[in-house]
Amino acid sequence: TVSYDEEKCKTTIKKISTETETKIVIFTSEFPVENSIEYMIKDIIINLSPKSKLIYIINGSTYQYLKNDTEYYEINSSKLDDYIKVFNEIKSCNFIFFFGSSPSISETSSSSNVKDQFERISTLNGLAIMYIIQALNKNKIKTPKLCLFTKGIYEYLSAQPKFDEIQQISETVFYQGGIWGIGRTIAIEHPEYCCLRLDLPSGKENLYKCALLILNEIFRRIEGNTVEDEIIFSKDFTKKFSPILSPVKKQNHQKNLQFNQKKSVIITGGLGGVGLKFLEYLIKKPHSMKQFILLSRNEPNTSTQQHLNRS
C-alpha cells in the first residue's frame with residue numbers, strides 16, 4: 001500500500017534537489033500540454049526544484065533546437081544520428097524519462113488500419129529505446145538513470161474484461177508491453193543505467209498526484225533509498241506493486257541418478273565444452289550406460305578427439 005503524503009513527497013523532492021543539481025531529459029511524442037503527465041512534471045520541477053533542468057525531446061521530421069521557457073529538441077525518432085547529435089549537445093544528464101508514442105485511433109478507423117498503427121508504434125518505441133542506449137554509449141555520457149513509462153497495462157491485465165473489450169485490451173498491452181521487455185533486457189545487459197519500468201494509470205485523473213509520486217520515486221533513487229526496478233501504481237494511487245525477491249530456505253533436491261545400462265544416451269551439443277564435461281561426468285558414474293551418442297554441428301577437432309580417446 002502506498003503511504004501517499006503530498007507534503008512529504010514535496011519535502012523529499014525539495015531536499016534532494018537542493019543538494020544536487022539535476023538534469024532530466026524527457027523523450028515524448030509531442031509538446032507537453034496542460035492535461036498531460038509530462039506537463040505536470042514540468043510544473044512541479046519549476047515550483048519545487050528550481051535548480052533542476054528539464055530538456056524535452058520531441059518526435060518530429062527534422063532535427064532542430066527550440067527554446068522558450070524550457071529547452072526543446074525536435075528529432076526524427078527513426079534516425080540514430082539524431083539521437084547521437086542531441087546527446088552530444090546535451091553533454092550530461094542525471095535521468096532520462098521515456099514516454100512512448102501512442103496510436104491515434106478514431107471510431108472510423110478500420111481494423112486493418114488499427115492493427116498497422118499498433119505494429120508501427122510498437123516498433124518505433126522499441127527502436128527509440130535502443131537508439132537512446134546506443135547514443136549514450138557513443139557519446140560516453142556519464143551513465144544516467146533510465147526510466148521507461150507505460151500507461152494502463154496493469155489495469156487491463158488485472159481486469160476481467162467483457163468479450164467486446166478483449167481486442168482493445170490486447171492491443172493496448174501489445175503496443176506498450178514491448179517497452180517493459182526491452183527495459184528488462186537493458187537492466188540485465190546495462191545495469192549501469194538502473195533501468196526503471198513504471199506503469200501509470202490511464203486516464204486524466206489525478207495527474208498532479210501521479211507526477212508527484214513519479215518524481216518522489218525518482219529523486220529517492222539519487223540517495224539510493226530504493227532498489228525497486230518495476231513499479232505499478234493502481235488507478236486510485238492507494239497501491240504500489242513491485243516484484244521483490246524474498247529469501248527462501250535452501251532445500252536439498254539432489255537425488256541419485258538411476259541408469260539403465262542396456263540403453264544409450266544422446267547428448268546434443270556433445271562435442272562442445274559443456275557436452276564433453278557432461279559426458280565425462282556420466283562415464284564416471286557407477287552403473288552408468290555403456291553407449292553414448294554425441295550430436296554436434298561440427299566435426300571434432302584434434303583437441304576434442306584426444307579428449308574423446310581419453311574418455
Side-chain angles (χ1 to χ4, degrees), residues 17 20-33 36-39 41-42 45-46 49-104 117 119-150 175-176 178-198 214-215 218 221-222:
S17 61
T20 310
E21 288 191 15
T22 306
K23 185 190 287 186
I24 302 174
V25 175
I26 299 180
F27 282 83
T28 182
S29 58
E30 56 189 5
F31 284 96
V33 293
S36 69
I37 189 67
E38 296 92 331
Y39 184 89
I41 289 174
K42 172 184 170 182
I45 288 291
I46 290 173
S49 181
K51 289 180 69 176
S52 297
K53 184 177 181 181
L54 281 180
I55 300 174
Y56 285 91
I57 300 179
I58 315 296
N59 292 348
S61 55
T62 57
Y63 186 96
Q64 58 178 319
Y65 173 71
L66 308 168
K67 185 172 182 179
N68 39 43
D69 59 332
T70 306
E71 288 189 56
Y72 293 89
Y73 287 88
E74 187 174 300
I75 68 170
N76 186 326
S77 60
S78 61
K79 288 186 177 181
L80 174 59
D81 287 345
D82 280 12
Y83 291 83
I84 294 172
K85 186 176 180 180
V86 77
F87 278 116
N88 186 49
E89 293 189 21
I90 290 170
K91 304 296 183 188
S92 66
C93 60
N94 303 89
F95 293 98
I96 296 174
F97 292 0
F98 179 84
F99 292 90
S101 301
S102 301
S104 301
Q117 280 205 55
E119 289 181 352
R120 183 178 63 85
I121 293 297
S122 177
T123 301
L124 287 176
N125 283 337
L127 200 62
I129 296 169
M130 288 190 290
Y131 282 169
I132 289 171
I133 297 297
Q134 291 177 31
L136 289 171
N137 292 335
K138 179 79 173 178
N139 286 290
K140 298 181 180 179
I141 290 179
K142 186 178 179 181
T143 50
K145 292 176 171 60
L146 179 62
C147 310
L148 309 179
F149 296 91
T150 54
Y175 88 83
Q176 295 188 100
I179 294 176
W180 276 52
I182 293 173
R184 286 170 175 165
T185 302
I186 293 171
I188 295 170
E189 296 186 357
H190 296 279
E192 66 273 17
Y193 293 116
C194 304
C195 185
L196 167 68
R197 287 80 71 199
L198 203 156
I214 288 173
L215 291 172
I218 298 305
R221 277 166 166 68
I222 296 177

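These numbers were taken from a predicted model, which means no experiment stands behind them. Throughout, numbering of the chain's residues begins at 1 and tracks the sequence.
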**OP:** Of all the heavy-atom pairs spanning Gly126 and Ile182, show the shortest one and how long it is.
**Re:** CA-CD1, 3.3 Å
Original post:
Is a donor on one side and an acceptor on the other found under 3.5 Å between the side chain of Tyr83 and the backbone of Ser77?
Top reply: yes
Original post:
Are side-chain heavy atoms of Ile37 and Phe97 found at a separation under 4.5 Å?
Top reply: no
Original post:
Donor-acceptor pair, Asn94 side chain versus Ile24 backbone, under 3.5 Å?
Top reply: no
Original post:
What orientation do Phe27 and Phe87 show, parallel under 30°, tilted 30 to 60°, or perpendicular over 60°?
Top reply: tilted
Original post:
Any side-chain heavy-atom pair from Ile45 and Thr22 closer than 4.5 angstrom?
Top reply: no
Subject >> Side chain proximity check, Ile132 to Tyr193, heavy atoms < 4.5 angstrom >> reply: no
**OP:** To the nearest 0.5 Å, tell me how far Ile58 CD1 sits from Gln64 CD.
**Re:** 11.0 Å
**OP:** Tell me, with the steps shown, if Glu89 and Tyr73 meet side chain to side chain contact (heavy atoms under 4.5 Å, CB included).
**Re:** CA-CA 10 Å; Glu89 293 189 21; Tyr73 287 88; 3.3 Å; yes
Original post:
How far apart are the C-alpha atoms of Lys145 and Leu196, what are their side-chain angles, what is the distance that settles it, and do they pass the side chain to side chain contact (heavy atoms under 4.5 Å, CB included) test?
Top reply: CA-CA 8 Å; Lys145 292 176 171 60; Leu196 167 68; over 6 Å; no
Original post:
Is a side-chain donor or acceptor of Lys42 paired with a backbone partner of Leu54 at a separation under 3.5 angstrom?
Top reply: no
Original post:
Closest heavy-atom contact between Leu148 and Gly183?
Top reply: CD1-CA, 3.6 Å
Subject >> Test log, rule side chain to side chain contact (heavy atoms under 4.5 Å, CB included), inputs Ile90 and Lys23 >> reply: CA-CA 10 Å; Ile90 290 170; Lys23 185 190 287 186; 4.1 Å; yes
Original post:
Are Asn137 and His190 close enough that some pair of their side-chain heavy atoms sits under 4.5 Å apart?
Top reply: yes
Original post:
Shortest non-hydrogen contact from Cys195 to Ile186?
Top reply: CB-CG2, 4.1 Å
**OP:** Check whether any side-chain heavy atom of Glu71 sits under 4.5 Å from a side-chain heavy atom of Tyr65, and report yes or no.
**Re:** yes
Subject >> Distance, nearest 0.5 Å, that separates CD1 of Ile179 from CD1 of Ile129 >> reply: 5.0 Å
Original post:
Does Tyr56 reach the main-chain N or O of Glu38 with its side chain, forming a donor-acceptor pair under 3.5 Å?
Top reply: yes
**OP:** State, yes or no, whether a side-chain contact exists between Leu66 and Phe31 at a heavy-atom distance under 4.5 Å.
**Re:** yes
Original post:
Nearest heavy-atom pair of Glu74 and Ser61: which atoms, and what distance?
Top reply: OE2-N, 3.8 Å
